[in-house]
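Have a look at the structure below, then the notes.
This chain uses plain numbering: 1 for the first residue, then up along the sequence.
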Amino acid sequence: MVQIFSKSFNKIPRYFLFFLLFSFFSIIFIIWYFFSPWNTEVGYQPKQPIPYSHDLHVSKLGIDCRYCHINVEKSPLAGIPSTKICMNCHVTIKNDSINLTNLNYSYENDTPIEWIRVNKLPDYVYFDHSTHVLSGVGCFECHGDISKMNVVKLEKPLSMQWCFDCHKNPYDNLRPLDKITDMKWEKDSDWKNAVKSVYKNIQPPVESCSGCHR
């Protein structure tokens, strides 16, 4: 019997199966890598109603994070600075600056400043700032070196896997309580040896869903 197709055609199903598998795993990789928070969210930097520079206020003037974010050590929410906190200084300092137009309007009319939140977790995630801060997690670990930012941007992905990486091995990310807001602090060999004795019984939730989802 005469064969219409040569034997080489028998390889077509194999090539086709290989193409399907390759396409399948390529799509998974593209979604996993290019659609991860590292690529879709990190770098988010919205324009704020008032051009507030952390580089000026923190690095150059030495204002501590807790002066503006007053609830960070006692509440789940760090708190966004109110107009009155800003006006503690700006009622006399550069009050006529055009950059403070919205601040002066807010103060004179008793209306809140509509800051645009940058570091934001989904509503189904429970995160307590006070718990993390009092356990030795510094501002730098989640927000990056915000002291050098003229405009606040999202520095970390804040994804579930990113949180897990820290929860599985928290001691690498802990620092002395008096260095919580110090962006220039770097751990040395003495601290690496002492951290576990300073923070005893640190057991962040890893396998318990209710630890972060309540």
Side-chain angles (χ1 to χ4, degrees), residues 37-38 40-159 162-163 166 173-187:
W38 280 107
T40 60
E41 297 181 24
V42 171
Y44 173 57
Q45 191 176 44
K47 183 179 179 179
Q48 299 291 351
I50 297 174
Y52 180 89
S53 170
H54 279 80
D55 180 47
L56 170 62
H57 290 79
V58 179
S59 291
K60 295 181 174 63
L61 299 179
I63 297 177
D64 190 278
C65 304
R66 291 163 290 194
Y67 179 78
C68 297
H69 303 285
I70 59 176
N71 295 320
V72 72
E73 293 179 308
K74 54 187 178 182
S75 169
L77 300 177
I80 296 175
S82 66
T83 301
K84 291 182 179 179
I85 289 178
C86 299
M87 293 304 287
N88 284 341
C89 297
H90 287 294
V91 70
T92 56
I93 299 174
K94 289 187 175 293
N95 187 258
D96 58 349
S97 171
I98 191 173
N99 290 330
L100 300 181
T101 300
N102 289 338
L103 178 64
N104 288 325
Y105 179 87
S106 171
Y107 185 66
E108 292 168 1
N109 294 275
D110 196 26
T111 56
I113 301 169
E114 296 184 3
W115 297 104
I116 300 174
R117 191 168 180 177
V118 178
N119 294 269
K120 184 179 181 181
L121 294 173
D123 292 338
Y124 54 79
V125 176
Y126 176 79
F127 178 85
D128 191 322
H129 270 89
S130 62
T131 298
H132 286 77
V133 168
L134 297 178
S135 296
V137 180
C139 306
F140 180 89
E141 305 304 332
C142 298
H143 298 289
D145 191 353
I146 202 167
S147 68
K148 294 181 179 179
M149 298 182 191
N150 281 312
V151 180
V152 175
K153 68 177 179 179
L154 187 64
E155 192 78 5
K156 307 291 183 176
L158 307 184
S159 64
W162 178 78
C163 293
C166 181
N173 300 293
L174 303 184
R175 58 177 62 198
L177 287 179
D178 62 345
K179 302 295 182 181
I180 288 295
T181 62
D182 186 351
M183 298 294 170
K184 295 182 176 61
W185 179 84
E186 294 182 1
K187 58 186 174 184

Report task. With rounding to the nearest 0.5 Å, note down the distance linking SG in Cys139 to NZ in Lys179. Result -> 13.5 Å
Report summary line: In this structure, CD of Glu186 is separated from CZ of Phe140 (nearest 0.5 Å) by 8.5 Å
Query raised in the report: How long is the gap from CD1 on Ile50 to CG on Leu103, to the nearest 0.5 Å?
Result: 4.5 Å
Report task. Take atom NZ of Lys153 as the centre, draw a 6.0 Å sphere, and report whether it contains more than 12 heavy atoms from other residues, nucleotides or ligands. Result -> no
Report summary line: All heavy atoms of Glu73 vs all of Leu134, minimum pair found to be O-CD1, 3.6 Å
Requested in this report: Verify the neighbour count for atom OH of Tyr105: are there more than 12 heavy atoms of other residues, nucleotides or ligands below 6.0 Å?
Outcome: no
Query - Close side-chain approach of Glu155 and Ile146, heavy atoms under 4.5 Å - result: no
Report task. Show your working on side chain to side chain contact (heavy atoms under 4.5 Å, CB included) between Lys47 and Ile116 and close with a plain yes or no. Result -> CA-CA 8 Å; Lys47 183 179 179 179; Ile116 300 174; 5.9 Å; no
Requested in this report: Given side chain to side chain contact (heavy atoms under 4.5 Å, CB included), test Asp55 with Lys60 step by step and report yes or no.
Outcome: CA-CA 7 Å; Asp55 180 47; Lys60 295 181 174 63; 2.7 Å; yes
Query raised in the report: Can we say Lys184 and Asp182 salt-bridge, meaning some charged N sits less than 4.0 Å from an Asp/Glu carboxylate O?
Result: no
Report summary line: One should read off an interatomic distance between Asp64 CG and His57 NE2, to the nearest 0.5 angstrom, of 14.0 Å
Report summary line: Residues Pro46 and Val152: closest non-hydrogen pair is CD-O, 4.3 Å
Requested in this report: Could you pull out the closest heavy-atom pair between Gly136 and Leu177, with the gap in Å?
Outcome: N-CD2, 4.1 Å
Query - Ring geometry between Tyr52 and Trp115 (parallel below 30°, tilted from 30 to 60°, perpendicular above 60°) - result: perpendicular
Query raised in the report: If you take all heavy atoms of Lys120 and Leu158, which pair is closest and at what distance?
Result: N-CD1, 4.1 Å
Query raised in the report: Under a 4.0 Å N-O cut-off, is there an ion pair linking Arg175 with Glu141?
Result: yes
Query - Pairwise distance NZ(Lys156) to CG(Leu154) - rounded to 0.5 angstrom - result: 10.0 Å
Query - Heavy-atom closest contact (Asn95 atom, Asn104 atom, distance) - result: O-ND2, 2.9 Å
Query raised in the report: Are side-chain heavy atoms of His129 and Asn71 found at a separation under 4.5 Å?
Result: no
Requested in this report: Would you give the length of the straight line joining atom NE2 of His54 to atom CG of Leu61, rounded to the nearest 0.5 angstrom?
Outcome: 12.5 Å
Report summary line: Nearest heavy-atom contact between Asp128 and Ser75 is OD1-O, 3.6 Å
Requested in this report: Could you check Val137 against Leu174 for side chain to side chain contact (heavy atoms under 4.5 Å, CB included), going step by step and ending with a plain yes or no?
Outcome: CA-CA 5 Å; Val137 180; Leu174 303 184; 3.7 Å; yes
Requested in this report: Examine the side chains of Ser147 and Asp145 and answer whether a donor and an acceptor come within less than 3.5 Å of each other.
Outcome: yes
Query raised in the report: Quick one: are Tyr126 and Pro76 in side-chain contact, heavy atoms under 4.5 Å?
Result: yes
Cut-off 3.5 Å, no hydrogens considered: what does the side-chain donor-acceptor table look like for residues 78-91, sequence neighbours left out?
unit_1, atom_1, unit_2, atom_2, d
Ser82, OG, Ile85, N, 3.4
Thr83, OG1, Ser106, OG, 2.6
Asn88, ND2, Tyr67, OH, 3.2
His90, ND1, Ile93, O, 2.9

Query raised in the report: Can you tell me if CG on Asp178 sees more than 12 non-hydrogen neighbours from other groups inside 6.0 Å?
Result: yes
